Amino acid sequence: MVKKTLIPVGPYHPLQEEPELFKLYCEGEIVKDIKWETGYNHRGIEQLSEKKTYDQSFFLVERICGICSTSHPFAFANAVEEIVGVEIPDRAKYIRSIIGELERIHSHLLWVGLAGHFLGYNTVFMWAWKYREPILDLFEMISGNRNSYAMFKVGGVRRDIENAKIPTIKKTLEQFKKKNDLLTGAVMDDPVIHARTKGVGVLTKQDIIDYAAVGPTARASGIAIDVRKDDPYAAYPLVNWKVITAEKGDVFAKAEVRLLEMYESISIIEQCLEGLKKEKEGETEVKVKEIPAGWGTGHAEAPRGEVFHYVLSDGSNSPARHKIRAPSYTNIATFKKSCIGQTISDATISLAAVDPCYCCTERMAVAYDSKTGEKIMNGNELIALSANKTHELKNK
Amino acid sequence: MNTDEILKNIQQKFGSDVLDVFKKSETRAIISIKPGSLLRIVDYCFKDMDLRFIIATANHTKKGFEILYHFSYDNNGLIVNLHVILPVEKPEINSLANMMSGANWIEREMHELYGIVFLNHPEPEKLISEGNWAEGVYPYRRDFK
């Protein structure tokens with residue numbers, strides 16, 4: 001009988017909504033089964049939100065995800081504004097979209113960097129994270145924070161982007177575009193990256209539909225779903241842009257979608273900045289005095305896919321029920337399809353491909369499971385396996 | 001298909017299983033259905049009308065356990081919410097996870113938080129309360145006394 005090796009991945013992933021543990025059951029090099037555990041740090045945010053006022057809940061939902069911190073307030077605002085039936089000023093719409101797209105750029109860069117790191121390509125990692133810095137500086141200039149910007153509120157945004165700041169944002173984006181050309185070229189034209197990512201972790205269209213996967217994960221398999229196009233909100237119907245898709249469904253396709261999406265984001269921001277110039281400074285919100293009884297379903301396209309919020313209001317100043325679904329909740333489950341049958345070194349990048357930000361594979365010092373006697377590999381060994389495969393390919 | 005056609009299709013096909021249809025706007029609608037008809041209606045929505053499963057929301061109200069199954073028709077941005085009410089004494093409903101894997105986790109989560117039983121679930125293991133929660137304690141249940 002072949003002895004299965006258990007490889008735990010987790011349980012702590014600070015870049016994800018929640019810590020979680022993947023158990024990869026392997027026979028030799030091949031992943032045969034995956035089990036998933038979570039709940040290590042159940043924060044009870046849905047219930048917490050029911051005990052806070054709508055204004056306070058914005059700060060709460062902003063802290064669900066540390067990377068795409070605006071996507072949850074975006075969806076929450078859409079849901080609550082649907083209950084109120086309020087139309088926000090165009091200036092606020094443009095500002096919301098600018099924040100959303102800047103966030104998409106920095107989140108995608110973070111992923112590209114991490115993907116490079118997992119493949120043993122630390123040059124890509126260094127480049128991507130270096131180019132991400134000026135984007136975070138823009139956030140600091142606009143909101144005072146590099147992350148968790150606290151820009152959203154019911155009826156508009158908390159802070160204006162003054163017209164005087166527009167040239168700085170434009171200049172930073174122009175500089176970034178050139179750097180992104182370099183980065184995109186480095187990733188798309190590299191034969192070793194092709195060898196490591198093409199045909200790896202493939203998700204078919206049917207897998208995507210079955211698992212209800214969203215965002216770049218779905219678009220890389222040829223399913224052109226994007227909330228910004230399908231159910232337009234904020235300033236997205238006011239600007240021209242296209243949904244990026246790829247057909248192959250492998251890790252390379254997911255990288256391709258994300259890299260090309262950044263160009264669309266730059267274009268959206270530039271158009272929004274032009275739009276801002278036409279609107280009067282300071283008109284960034286309509287006053288909402290009370291939230292009537294009713295329900296609202298708001299969704300927004302986060303960097304990882306659709307964020308969905310359902311809010312039930314009983315007419316009081318806090319939600320009676322608040323359901324939140326982050327995109328990773330459906331995307332992570334696709335691991336069952338993308339990883340089983342892969343080698344362990346490819347499983348690393350397949351797990352990372354849906355952008356669950358799986359950088360922290362620590363707390364795995366145990367060598368053997370005392371009950372079953374199964375050998376347990378630690379996180380560093382796992383990353384080293386993946387890096388070694390790249391080195392071998394390079395040296396061929 | 002536009003919103004009216006989708007709602008009309010479901011209403012005509014399932015007749016008395018559909019208790020109420022409320023169109024809130026061109027892109028939002030809620031359909032109340034009998035719990036027993038869930039599998040048939042979802043099968044039609046998911047396979048024949050290509051609605052995408054988003055997620056399900058459970059809620060404990062005075063009427064019982066309410067579940068909203070959120071579906072999206074991405075061609076026109078419509079979100080259809082299928083609404084069922086289950087009695088508190090016997091909160092049981094068929095699992096959708098055999099039809100679509102996307103429902104697997106959320107049903108397990110609703111079971112752990114509310115104690116709703118999903119019949120014929122293919123993987124009825126614990127999802128978020130593995131190892132450290134007491135049996136039979138459902139933290140999201142409310143106290144209406």
Side-chain angles (χ1 to χ4, degrees), chain A residues 11 18 20-21 35-42 44 46-47 50 79 82-83 85 207-214 218 223-233 294-299 306-312 314 320-327 329-334 336-337, chain B residues 22 24-30 46-47 50-61 66-81 83 96-106 108-110 112-114 123 125-133 139-142:
Chain A
E18 286 174 324
E20 58 207 350
L21 169 63
K35 288 227 161 89
W36 190 76
E37 282 178 18
T38 185
Y40 293 94
N41 192 12
H42 191 75
E46 288 177 15
Q47 267 210 333
E50 290 158 22
E82 188 189 305
I83 300 174
D207 294 337
I208 298 292
I209 294 168
D210 184 29
Y211 280 89
V214 288
I223 296 187
I225 50 170
D226 191 317
V227 183
R228 295 174 291 170
K229 242 347 172 217
D230 303 333
D231 187 14
Y233 57 97
W295 56 271
T297 43
H299 50 174
E306 177 201 42
V307 166
F308 179 86
H309 282 231
Y310 166 79
V311 179
L312 180 69
D314 55 6
R321 177 79 175 97
H322 185 180
K323 173 71 194 166
I324 299 160
R325 197 224 53 197
Y329 194 86
T330 49
N331 287 347
I332 288 171
T334 61
K336 280 232 173 209
K337 285 283 170 192
Chain B
F22 172 62
K24 189 181 170 188
S25 68
E26 275 308 310
T27 54
R28 301 288 185 268
I30 190 162
F46 183 63
K47 289 178 182 161
D50 293 334
L51 298 189
R52 173 173 63 86
F53 179 66
I54 301 177
I55 200 71
T57 303
N59 194 13
H60 188 185
T61 65
E66 294 185 15
I67 306 179
L68 278 172
Y69 293 92
H70 310 283
F71 285 87
S72 169
Y73 185 63
D74 292 314
N75 293 340
N76 71 351
L78 170 70
I79 295 181
V80 183
N81 304 291
H83 176 237
L96 300 179
N98 293 308
M99 194 189 306
M100 49 195 178
S101 308
N104 186 318
W105 288 7
I106 186 63
R108 285 155 69 187
E109 184 184 314
M110 286 192 285
E112 282 160 59
L113 297 177
Y114 289 94
E123 202 183 347
E125 294 167 21
K126 288 195 166 179
L127 182 83
I128 57 176
S129 61
E130 175 80 39
N132 52 6
W133 280 9
Y140 278 33
R141 283 194 178 184
R142 294 174 206 263

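Everything quoted here is computed from the prediction, not taken from an experiment. FYI, side chains are in, hydrogens and waters are out, and symmetry mates aren't considered; it's all heavy atoms of this structure. Lettering of chains follows the sequences in order, A, B, ..., and the numbering in each one begins at 1.
Chosen from Ile30(B), Leu78(B), Asn104(B), the residue pairing most often with chain A at heavy-atom distances under 4.5 Å is Ile30(B). Ranked by heavy-atom pairs shorter than 4.5 Å toward chain A, the options Phe53(B), Trp105(B), Tyr140(B) are led by Trp105(B). Chosen from Leu312(A), Asp231(A), Thr334(A), the residue pairing most often with chain B at heavy-atom distances under 4.5 Å is Asp231(A).
Checked against ring-ring contact (aromatic ring centres under 6.0 Å, His included), Tyr211(A) has no partners two or more places apart in sequence or in another chain.
Rounded to the nearest 0.5 angstrom, His299(A) NE2 and Ile55(B) CD1 are separated by 14.0 Å. In this structure, CZ on Arg325(A) lies 9.5 Å from CD1 on Ile106(B), to the nearest 0.5 angstrom. Atoms CG and OH, from Asn59(B) and Tyr310(A) in turn, are 7.0 Å apart once rounded to the nearest 0.5 Å. One distance of note links CZ of Arg142(B) with CD of Gln47(A); it measures 7.0 Å at 0.5 Å rounding.
The contact between Ala56(B) and chain A is made entirely by backbone atoms, counting heavy-atom distances below 4.5 Å. Looking at His60(B), there are no atoms closer than 4.5 Å to chain A (heavy atoms on both sides), in backbone or side chain. Residue contact with chain A, scored on non-hydrogen atoms closer than 4.5 Å, involves the backbone and the side chain of Thr57(B) alike. Contacts of Thr330(A) with chain B are made by side-chain atoms alone, with heavy-atom separations under 4.5 Å and no backbone atom involved. Neither the backbone nor the side chain of Val227(A) comes within contact range of chain B, judged by heavy atoms closer than 4.5 Å. In this structure, the portion of Lys35(A) lying under 4.5 Å from any heavy atom of chain B is its side chain and not its backbone. In this structure, chain B has a heavy atom under 4.5 Å from the side chain of Ile225(A), while its backbone stays farther away. If you measure heavy-atom distances from Ala224(A) to chain B, you find no contacts under 4.5 Å at all. For Asn76(B), the part lying near chain A is the backbone, with the side chain staying farther off; criterion is any non-hydrogen pair under 4.5 Å.
Salt bridge status for Lys24(B) with Glu82(A): present, with a side-chain N to carboxylate O gap under 4.0 Å. Using a cutoff of 4.0 Å between basic side-chain nitrogens and carboxylate oxygens, Lys323(A) and Glu109(B) are scored as salt-bridged.
Counting heavy atoms from C-beta on, the side chains of Phe308(A) and Ile79(B) come closer than 4.5 Å. Side chains of Asp230(A) and Asn75(B) form no contact here, defined as non-hydrogen atoms less than 4.5 Å apart. Under the 4.5 Å side-chain criterion, counting only non-hydrogen atoms from C-beta, Phe46(B) is in contact with Ile209(A).
Side chain of Arg28(B) to backbone of Thr297(A): a donor-acceptor contact under 3.5 angstrom is found.
The minimum heavy-atom distance linking Gly102(B) with Ala212(A) is given by the pair CA-CB, 4.4 Å. Of all heavy-atom pairs between Tyr329(A) and Leu127(B), the closest is OH-CD2, 3.9 Å.
Screening residues 51-60 of chain B for salt bridge (charged side-chain N to carboxylate O under 4.0 Å, His left out) gives Glu306(A)-Arg52(B), Arg52(B)-Asp74(B) as the qualifying pairs, with residues at least two apart or on separate chains.
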